[in-house]
4 protein chains.
Amino acid sequence: MVDVGVLGATGMVGQRFIELLDKHPEFEIKVLTASPRSEGKPYEEAAKWYLQSKMPESVKDIKVVGTDPSKVGDVDILFSALPADIAAKVEPKFAEEYVVASNASAMRMEPDVPLVIPEVNPDFLDLIEIQQKRRGWDGFIVTNPNCSTIALTLTLKPIHDQYTIKRVYVATMQAVSGAGYNGVPSMAIIDNIVPYIGGEEEKIETETLHLLGELEDGKVTPAHFGISASCHRVPVLDGHTEAVFIELEEEFEIDDIKKIMEEFQGIPQKLELPSAPEKPIIVREEEDRPQPRMDRDESNGMAVTVGRLRRDVAFENSLRYVLVGHNTIRGAAGASILNAELINEIIF
Amino acid sequence: MVDVGVLGATGMVGQRFIELLDKHPEFEIKVLTASPRSEGKPYEEAAKWYLQSKMPESVKDIKVVGTDPSKVGDVDILFSALPADIAAKVEPKFAEEYVVASNASAMRMEPDVPLVIPEVNPDFLDLIEIQQKRRGWDGFIVTNPNCSTIALTLTLKPIHDQYTIKRVYVATMQAVSGAGYNGVPSMAIIDNIVPYIGGEEEKIETETLHLLGELEDGKVTPAHFGISASCHRVPVLDGHTEAVFIELEEEFEIDDIKKIMEEFQGIPQKLELPSAPEKPIIVREEEDRPQPRMDRDESNGMAVTVGRLRRDVAFENSLRYVLVGHNTIRGAAGASILNAELINEIIF
Amino acid sequence: MVDVGVLGATGMVGQRFIELLDKHPEFEIKVLTASPRSEGKPYEEAAKWYLQSKMPESVKDIKVVGTDPSKVGDVDILFSALPADIAAKVEPKFAEEYVVASNASAMRMEPDVPLVIPEVNPDFLDLIEIQQKRRGWDGFIVTNPNCSTIALTLTLKPIHDQYTIKRVYVATMQAVSGAGYNGVPSMAIIDNIVPYIGGEEEKIETETLHLLGELEDGKVTPAHFGISASCHRVPVLDGHTEAVFIELEEEFEIDDIKKIMEEFQGIPQKLELPSAPEKPIIVREEEDRPQPRMDRDESNGMAVTVGRLRRDVAFENSLRYVLVGHNTIRGAAGASILNAELINEIIF
Amino acid sequence: MVDVGVLGATGMVGQRFIELLDKHPEFEIKVLTASPRSEGKPYEEAAKWYLQSKMPESVKDIKVVGTDPSKVGDVDILFSALPADIAAKVEPKFAEEYVVASNASAMRMEPDVPLVIPEVNPDFLDLIEIQQKRRGWDGFIVTNPNCSTIALTLTLKPIHDQYTIKRVYVATMQAVSGAGYNGVPSMAIIDNIVPYIGGEEEKIETETLHLLGELEDGKVTPAHFGISASCHRVPVLDGHTEAVFIELEEEFEIDDIKKIMEEFQGIPQKLELPSAPEKPIIVREEEDRPQPRMDRDESNGMAVTVGRLRRDVAFENSLRYVLVGHNTIRGAAGASILNAELINEIIF
C-alpha cells in the first residue's frame with residue numbers, strides 16, 4: 001500500500017477524496033490536513049460530513065494536522081483539495097518533498113507542471129522530470145483540469161484523434177456542489193439559474209486546448225481550434241451538464257462518431273487502473289438522456305455520459321451532443337486519484 | 001371595448017390570457033371555452049387556478065362553453081391557448097368568422113398565416129388579406145412564435161438590422177411552465193435537468209429565420225444564416241434562459257451592440273400599444289444577470305433581459321450573451337395579445 | 001429459490017420491487033404484470049425506468065403479461081404494487097391460488113387480512129388461516145401499511161411495549177415519490193408545500209392503532225390511544241420526514257427512550273431475514289438530523305432514523321422527535337418483501 | 001411625513017424594510033445604516049439587491065452610514081433589521097434618543113420592552129412609559145416577535161379570546177429566507193429538509209404565551225396553556241407553513257372557529273393603519289390550501305392564510321389547521337412597520 005494524505009480534507013472535495021480513497025486497493029490514508037482551527041481534532045470532530053455515504057470509520061480518529069509540509073510526516077502522495085489561493089502558496093513547498101496530485105487550479109498552467117487527464121494526455125507526465133530539475137524538487141506537482149473541462153475534453157479526445165476540430169461551442173449547466181458546500185446560497189438558486197461562474201469560461205477555453213495539445217521538447221503547444229464557453233449554475237446537487245456544438249473540417253457519419261466515443265479507451269483502461277471506468281464515455285440512445293441525477297454516478301462517477309448525439313444540419317460538418325459528468329468525482333477527487341494511480345503504475 | 005374570448009381557457013396559458021386581459025384597457029373577456037367536461041360550468045368551478053395572482057372576479061361567473069364556433073357568440077377576437085392538435089382542427093373553423101390570435105403552433109408555418117412579433121415583422125400582417133382571399137374566410141388567423149423563439153428573435157432583430165448574421169448557436173434552459181401545469185413531473189426535474197423538449201429545437205431554428213425573413217409578393221423568404229439550438233428543461237418555474245453565441249460577417253464594437261439593443265423599438269412602442277414594454281430589450285451590466293427568477297417579470301413580463309454581453313474572442317466577429325424572457329407572458333399569452341393590439345390599431 | 005412475480009411492475013413501486021428483488025437471495029422474479037397496453041412487450045420496452053440504479057439485466061427480456069391470474073403461471077408469491085382500485089378487484093382473484101404480498105391499501109382493513117410490520121405484529125399472520133378458511137382460498141393476502149404509517153409505527157412500537165401511550169400528534173413532510181412518478185407536477189411543488197394528501201391522515205390514524213393492537217380470537221382490537229396526523233407534500237424526492245409529539249401515562253427518562261429504540265429488534269432481526277435491517281431504528285444525536293436526503297438510504301432504506309429526541313416540557317410525561325424513513329423502500333416495496341420473507345420462513 | 005431610518009439595511013430583512021417603506025404614505029427613508037465596510041457608499045453600491053422587486057430609486061443614492069447613534073441624524077423612527085448580537089449592544093444606545101421599532105430578538109423578553117403584534121396586544125405599548133422612566137431614555141424600543149410566532153399567534157388570538165386553550169402543538173415548515181440570504185446553503189436544502197432551527201422552538205413557545213398574556217401593573221403575565229413546537233427548514237424561498245393542533249377546554253363548532261377567524265380584527269384595522277391587512281386572517285376552504293408560494297403574498301404579505309380547519313376527533317374539544325404567513329413581511333419588516341404605524345397614530 002502507498003501511504004497518502006489529503007490536503008484540505010474537511011471541504012466538499014476533500015470529503016470526496018476520503019470517500020474514494022477509503023475503499024482504495026493501493027492507497028491508504030495516513031494524514032489529513034485542514035485549517036488551523038481544526039488542528040489537533042480527530043477528523044470526526046473537525047469535519048461536518050456532507051456526503052450521502054457515511055464518514056468512513058478509518059478516518060474518524062485520524063488527528064487533523066495543519067496544511068504544512070513539516071506536519072504530514074512519512075507519506076508518498078498528497079492529494080490537494082485546497083482552494084486556489086492557498087494552493088498557490090503551499091503546494092510548491094509540499095512538492096519539495098512529496099508527490100502532490102492536485103485538484104487546485106493554481107499550478108495548472110505552469111509550463112512545467114503536467115495538467116493531465118490519463119485517458120487524454122498521459123505523456124504530459126514527462127514534464128515531471130523537467131519540473132523537478134528546474135525547481136530542484138524531490139517531489140513534484142501533477143494537476144487535473146477544472147471539473148467542466150474534464151468532462152468536455154474526454155468527449156472531444158476521440159473526435160480530435162480522428163478529425164480536425166474547427167469550432168467548439170459549449171454551454172454548461174453546473175451543479176451547486178462545484179462551488180463548495182457553502183458556495184451557492186439556496187436563496188440564489190431555488191427556482192433560478194445564475195449565468196455566471198467566476199473564471200470558469202476561461203478555464204474551459206484554456207485548459208481544453210492545452211490538454212489536447214502536443215508536448216514537444218518539454219513544451220506544450222495547445223491545440224488550435226476555436227472554443228467558446230458560456231457557464232451557468234443550476235439547481236442540481238451534483239453532475240455538470242454540457243450542451244456541445246462542434247464543427248469539423250472533414251465530413252463524418254454520426255455512427256462513426258458514436259463508435260469512436262464508445263470504443264474510446266486510454267492508458268487507464270489498458271493498465272486497468274483501480275479507478276478507471278471500463279469505458280470513459282458512455283453513449284446513450286434515449287432522446288432524454290443524459291440527465292445529471294440519473295447519470296452522474298455512471299461507473300462510480302468516473303465515466304462521462306453522452307446523449308443526443310446528432311448532426312447539426314445548420315452548419316457544414318457539424319454535430320451536437322449533451323454530456324453529463326460527475327463534477328466532484330470524475331471532475332475533481334476522482335481525477336486526481338486516477339492521475340496518482342497512473343503515476344504509481346508508471347513512475348514509482 | 002373590443003369583445004374577446006379565450007379558447008382553451010382553463011390551462012396554464014389560458015389562465016395567463018385571463019390574467020393579462022382582466023386589466024386590459026381595450027379588450028373585454030366575453031367568452032371562455034374549454035373541453036366538453038367543463039362545459040356549462042362557471043369558470044371558477046371549471047378551472048383550478050394555477051397562478052400566484054388570484055382568479056379575476058370578472059371571469060368567475062362566466063359559463064364555460066365548448067370550443068366550437070357555434071358557441072362563442074358575438075365577439076371580435078379569439079385568443080387561442082389550444083394544444084397544437086386541437087388547434088389544427090378548430091382554428092380554421094373559427095377563422096371563417098372570427099379573428100383568431102393564436103399561441104398554438106399548428107398554423108404558424110402555413111404560407112398565408114402571419115407568424116408575427118410586432119417589434120420584429122409587423123409587415124407580415126399583410127398576409128391576412130391573402131389568407132382571407134385564398135380561404136374565403138371573413139376572419140383570419142394570426143400566430144405568434146414559440147416561447148423560446150420570441151425571446152431569442154427579439155434580441156437578434158436589432159443585430160440583424162445592422163449587421164449580417166452568419167451563425168447563431170443557442171442553448172436554452174427552459175422553465176417547467178412551458179410544458180403546461182402537468183407537463184413535467186416533479187420526480188423528473190427536482191435535482192435534475194432533462195436535455196430534451198420535443199420539437200423545440202426545430203421550432204427555434206425554423207421560426208427564427210422565418211420571422212427575420214422578408215415578405216415579398218405575398219411570400220416569406222426566410223433569413224438565411226445558420227442557427228442551431230439545444231434545448232433543456234431545468235427546475236425553474238417561469239422564465240426561459242438562453243445562452244446565445246453569434247458570429248457576424250462584419251466587425252463590431254460590443255458597445256454598439258449594447259446600444260442598438262437598448263435603443264431597439266418597434267411599432268408597438270411607437271403606437272404605445274397597451275401591452276408594449278417601453279423597451280423590448282433590457283440590457284443589464286451585472287456579471288450575474290439575467291436570472292429567471294429575478295428578471296422574468298421585467299416590464300410586466302413583456303421585455304427580454306440580456307446580460308453578459310461580451311465579445312467571443314475564440315472566433316472572428318463573434319459575441320455571446322445570455323437572455324431571459326417570461327415564457328408564458330412574452331413567450332405566449334402576452335405575445336398573442338400584443339399581436340391583437342396591433343391588429344386592433346392598424347386593421348380594425 | 002422461491003419464484004415470484006410483481007403485479008403492476010412498471011410504476012414507481014413496481015420498479016422498487018424489481019430493484020430489491022434483483023439481488024434477493026431467496027426470491028427470483030419470474031413474472032411481471034402491467035396494464036393491457038404493455039402486454040407482450042419485453043419489460044425493457046414496457047417500462048421507462050425511473051430509478052437511479054439501472055434496470056436489472058435479469059428483467060429486461062421478461063415479457064410483461066396482463067394483471068390476470070390466468071397469465072402469471074407457476075409462481076409462489078406475487079408482490080402487488082397495484083393502485084388501490086385495481087387491487088380491490090384483482091387481488092382476491094389472485095389469492096384464490098397465490099400468496100399475495102400487497103402494498104396496496106385496498107384490503108388492509110379487511111378483518112381477516114393481516115396488516116403486518118414484521119418487527120411490530122408478526123402474530124397477525126395467524127389471520128391467514130382464518131382468511132383461507134372463510135374465503136375458501138388456496139392462497140392468501142398479506143398487506144403492509146401505508147408508507148408514513150410504517151415509519152411512525154416502528155418508532156412507536158418499543159415505546160408502546162414499555163409505556164402507556166396517551167397521545168400522538170404527527171406532522172408529516174412527505175416526498176413526491178409517494179404519489180407515483182406522475183403524481184406531483186413540478187409546477188405544484190417547486191418553491192412550495194402542498195398541505196394535503198388524500199386519505200393519508202386517516203390511514204395513519206387507523207393503521208397505526210390497528211398495528212399496535214391485539215389479535216385475540218381471530219379479531220384485532222386496535223390500540224386505544226389518541227392519534228392525530230397532519231400531512232404535507234414537500235419538494236423532496238424520496239424519504240418521508242415526520243415530526244412526532246407523544247404524551248405517555250408514565251414518567252420516563254429520555255435516555256431510556258433512546259435505549260429502547262436503539263435496542264429494539266423484532267422477529268426479522270432474530271431470524272436474520274435477508275431484508276431485515278440490523279437495527280430497525282437508528283437514533284442520531286446530531287441536532288440537525290435526521291434529514292431525508294442524508295438518511296433515507298440508511299440500512300439499504302430499511303431502517304428508520306430518529307433524531308432530536310427530546311423531552312417536551314410543555315406537557316407532563318411528554319417527548320418529541322423527528323423521524324425519516326424511505327417511503328418506497330421501508331414504506332412500500334421493502335415492506336412487502338420483508339413480509340414475504342417472514343412468511344417464507346415461518347409458513348412455507 | 002415621519003422621517004425614518006433602517007438599521008442593518010443591506011441584509012434580507014433590511015431590504016424588505018426598504019421595499020415596504022418606499023411606497024409608504026407616512027414614513028420616508030432618510031438614513032440607512034450598515035457595517036463599517038459599506039460606510040460612505042451609496043446604497044446602490046453597498047447592497048446587492050436580493051428581492052424580485054427592483055431596488056427603489058429613492059434609496060439608490062442614500063449614502064450608507066455606520067450603525068451608530070451619532071451618525072443617523074434627525075429622524076424619528078429607526079427600524080432595526082440588525083442581527084441579535086449587534087442589536088443587543090446598539091439598540092439601547094439608539095433608544096436613548098430615537099424610537100426603535102425592532103425585528104431583532106435581543107430585547108424582546110426584557111420586562112419593560114413591549115413585544116407587540118398590533119392586532120393581538122396593542123396595550124403592551126403602555127410599557128413604553130415604564131421603559132423610558134426606568135432607563136432614562138428619550139426614545140424607546142418596541143419589538144415584534146419571531147416570524148413563525150407572529151403567524152401562529154395571530155391565528156390563536158381569536159380562539160384565545162373566546163375559548164380556553166389547553167394545548168397547542170405546532171410543526172413548522174420554514175422558508176430559507178428566514179435564515180438570511182446566505183443562511184441556508186443550497187447543498188443543505190435541495191431535495192432535503194433540515195429538522196432544526198437554532199432557538200426557534202424556544203422563541204415560539206415563549207413569545208406566544210407572552211403575547212397572549214396580560215399586562216397588569218406594568219408586568220406581563222404570560223398565558224398559561226401548554227405549547228410545543230418542532231421546527232423544520234424546507235426548500236421554499238419565502239413563506240412559513242405551520243401545522244397546528246389545538247385542544248380547548250370547551251366544546252366548539254368548527255364553523256364558529258372559522259367565523260371568529262374570518263371576522264377577527266384589531267386596532268390596526270379599526271384605525272386603518274396603512275400596512276394593516278383588511279383581514280388579518282384569511283380562511284380558505286380548498287382542501288389543498290394554504291400553500292406558501294400561492295398564499296404568502298396575500299394582502300401584500302400582511303395577512304395569514306389558514307386552511308384545512310377541521311375537527312380533531314382523536315381528542316376531546318380539539319381542532320387542527322395549517323397556516324401560511326410571509327416570514328419576511330408579516331413575520332419581520334412588515335411587523336415592525338405596523339408597530340411603528342400604531343405608535344405614530346396613538347403616541348406621537
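Keep in mind that what you see is a predicted model, and the values were worked out from it rather than measured. Below, read A as the first sequence line, B as the second, and so on, with proteins coming before strands; counting in each chain starts at 1.
- Nearest heavy-atom pair across A:R293 and B:N192 is N-OD1, 3.0 Å.
- Highest contact tally toward chain B, considering only A:V244, A:V194, A:V324, is held by A:V194 [criterion: heavy-atom pairs under 4.5 Å].
- Closest non-hydrogen pair, B:D191 versus A:L237, comes out as OD1-N, 2.8 Å.
- Both tests hold for B:R167 against A:F315: distance to the six-membered ring centre under 6.0 Å, angle to the ring axis within 45°.
- Summarising the local packing, CG of B:N300 is surrounded by 12 or fewer heavy atoms from other residues, nucleotides or ligands at distances under 6.0 Å.
- Of the listed residues B:G239, B:S228, B:A171, B:S230, the one with more heavy-atom pairs under 4.5 angstrom with chain A than any other is B:S228.
- Applying the 6.0 Å contact sphere to CG of A:D256 captures more than 12 heavy atoms from other residues, nucleotides or ligands.
- Residues A:R289 and B:P195 form no side-chain contact, since every pair of their non-hydrogen atoms from C-beta on lies 4.5 Å or further apart.
- Atom CD of B:E250 sits in a crowded spot, with more than 12 heavy atoms from other residues, nucleotides or ligands closer than 6.0 Å.
- Looking at every heavy atom in both residues, A:A229 comes nearest to B:R310 through O-NH2, 3.5 Å.
- The most heavy-atom pairs under 4.5 Å with chain A, out of B:V234, B:T241, B:I227, come from B:I227.
- Here the NE2 atom belonging to A:H240 is positioned 10.5 Å from the CD1 atom belonging to B:I193, to the nearest 0.5 angstrom.
- A distance of 8.0 Å separates OH of B:Y169 from CZ of A:F245, quoted to the nearest 0.5 Å.
- With a 6.0 Å radius and a threshold of 12 heavy atoms from other residues, nucleotides or ligands, B:E214 has its CD atom at or below the threshold.
- In this structure a side-chain-to-backbone donor-acceptor pair under 3.5 Å is missing from A:R308 to B:Y196.
- Within 6.0 Å of CD in A:Q52 there are more than 12 heavy atoms belonging to other residues, nucleotides or ligands.
- Of the residues considered (B:I190, B:V313, B:V176), B:I190 shows the highest number of contacts with chain A, using heavy-atom pairs under 4.5 Å.
- The shortest side-chain heavy-atom distance between A:H232 and B:V322 falls under the 4.5 Å cut-off.
- Options B:P292, B:G226, B:A314 differ in how many heavy-atom pairs under 4.5 Å they form with chain A, and the most are formed by B:P292.
- With a 4.5 angstrom heavy-atom cutoff, B:V168 touches chain A only via backbone atoms.
- Each of A:R233, A:E205, A:R320 has some count of heavy-atom pairs under 4.5 Å with chain B, and the biggest count is that of A:R320.
- Proximity to chain B (any heavy atom under 4.5 Å) is restricted, for A:V170, to the backbone atoms N, CA, C and O.
- In this structure, the portion of A:E247 lying under 4.5 Å from any heavy atom of chain B is its side chain and not its backbone.
- Residue B:E202 places its CD atom among more than 12 non-hydrogen atoms of other residues, nucleotides or ligands, all under 6.0 Å distant.
- The local environment of CD in B:E251 is sparse, with at most 12 non-hydrogen atoms from other residues, nucleotides or ligands closer than 6.0 Å.
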